[in-house]
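Report on the following structure.
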Number of protein chains: 2
Amino acid sequence: MRYSIGQVAKKTGLTAHTLRYYEKEGLLPFVQKTGSGLRVFSDTDIGWLEMIECLKGVGMSLKDIKQYIDWFREGDETLLQRLEMFQQQRAHLENQMEQLNKYMAKINYKIHLYTEAVRLGSLEKAHQNKELQAEQQRVYGDMF
Amino acid sequence: MRYSIGQVAKKTGLTAHTLRYYEKEGLLPFVQKTGSGLRVFSDTDIGWLEMIECLKGVGMSLKDIKQYIDWFREGDETLLQRLEMFQQQRAHLENQMEQLNKYMAKINYKIHLYTEAVRLGSLEKAHQNKELQAEQQRVYGDMF
DNA sequence: TCTTGACTTAGAGTTAACTCTAAAGATTAC
DNA sequence: GTAATCTTTAGAGTTAACTCTAAGTCAAGA
């Protein structure tokens with residue numbers, strides 16, 4: 001299948017502006033153009049965009065994503081660099097997920113606390129609830 | 001305990017510049033100053049910084065974090081707003097974690113693929129491995 | 001006391017990642 | 001065929017979150 005920039009924008013949730021910007025930054029080196037200069041995206045290009053979304057979601061900068069794409073274009077000489085990059089990103093992702101679990105515990109505590117506070121009409125009173133105090137100890141303490 | 005800005009910087013991994021910036025943006029309204037103007041951080045302030053780190057980590061902007069702090073300062077009239085904010089952030093965090101799990105599957109597949117590719121000296125050959133093709137199907141397909 | 005290093009301020013500068021503009025050309029629906 | 005819509009370009013502008021500078025003040029150790 002072939003897609004115009006607008007169709008890809010709809011499909012991916014990015015704007016046409018952003019897609020052009022990505023291309024300018026070297027992130028979409030495989031997009032074709034018609035004789036009159038219009039971009040034509042293939043399913044392969046959509047696949048690259050999904051990979052870019054993944055790497056961005058893991059916290060990579062566009063610059064580093066471009067590095068990966070450049071390595072890909074250089075061929076099998078850069079297989080090891082690419083493997084190492086993915087290993088680094090996995091390690092990074094593991095840390096990230098661990099962090100998010102901690103944040104979740106903290107936010108769950110806040111939800112308990114504020115649910116009780118809303119019920120009682122007072123944060124101070126909610127804070128005196130023994131059960132919540134115990135949970136706060138577990139999550140690691142504060143009062144905000 | 002009381003801490004200078006430099007001690008807090010070390011403790012939190014933020015720079016003194018960043019701490020001053022946070023204060024300027026209204027995120028640290030409880031930090032005291034000495035007669036001569038030096039900042040004095042308390043354990044309560046450290047607690048706030050941990051909360052800010054958490055909310056930032058969940059994806060909130062400094063502006064929205066300030067909103068929460070302002071609500072806190074307004075007292076029990078804003079309990080419901082704060083509860084709703086935390087509920088929204090929990091929902092957001094759940095989506096985020098789900099996304100990260102998908103990214104992890106994708107990256108694990110890449111690591112398998114590239115480990116095999118490095119062994120064979122060719123991405124093309126690794127790609128022909130039946131087991132990897134099956135994994136790719138499960139993860140959702142591409143070839144980059 | 002002197003020196004060294006930490007701290008103060010206002011305000012300017014930086015970076016990443018968009019985001020928009022304007023003017024013109026291309027394509028589609030009727 | 002023509003109106004409406006989409007796409008093109010180069011380049012300027014925006015936003016969030018820092019990051020740094022300069023010129024001076026403060027505090028602790030030898």
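Every chain is numbered from 1 and lettered A, B, ... according to where its sequence line falls, protein lines coming before strand lines.
In this entry the distance linking NZ of B:K10 with P of C:dG5 reads 13 Å, nearest Å. D:dA16 atom P lies 15 Å from atom CD of B:Q67, rounded to whole Å. The separation between A:K63 atom NZ and C:dT14 atom C1' is 15 Å, rounded to whole Å. One can place CD1 of B:I5 at 15 Å from C1' of C:dG5, the figure rounded to the nearest angstrom.
When only modelled atom types and interatomic distance are considered, B:E84 and A:Y114 share no side-chain donor-acceptor pair under 3.5 Å.
To the nearest 0.5 angstrom, B:Q99 atom CD is 6.0 Å from A:E53 atom CD. Atom OG1 of A:T115 and atom CG of A:L120 lie 11.0 Å apart (nearest 0.5 Å).
By the 4.0 Å N-to-carboxylate-O rule, B:E116 lies close enough to B:R119 to be salt-bridged with it.
Consecutive Watson-Crick or G-U pairing (both distances under 3.5 Å) extending over three or more pairs maps onto DNA chain C as C:1-30 with D:1-30.
Residues satisfying the side-chain contact (heavy atoms from CB on, under 4.5 Å) test with B:K130, not counting sequence neighbours, are B:Q133.
Contact annotation: B:R39 does not reach the phosphate of C:dC7 (side-chain N/O to OP1 or OP2, under 4.0 Å).
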**Heavy-atom protein contacts under 4.0 Å, nucleotides 18-30 of chain C, coded B base, S sugar-phosphate only, - none** = BBBB----SS---

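Note on ring orientation: taking the six-membered ring where Trp is involved, the planes of B:W48 and B:Y68 are tilted (angle from 30° to 60°).
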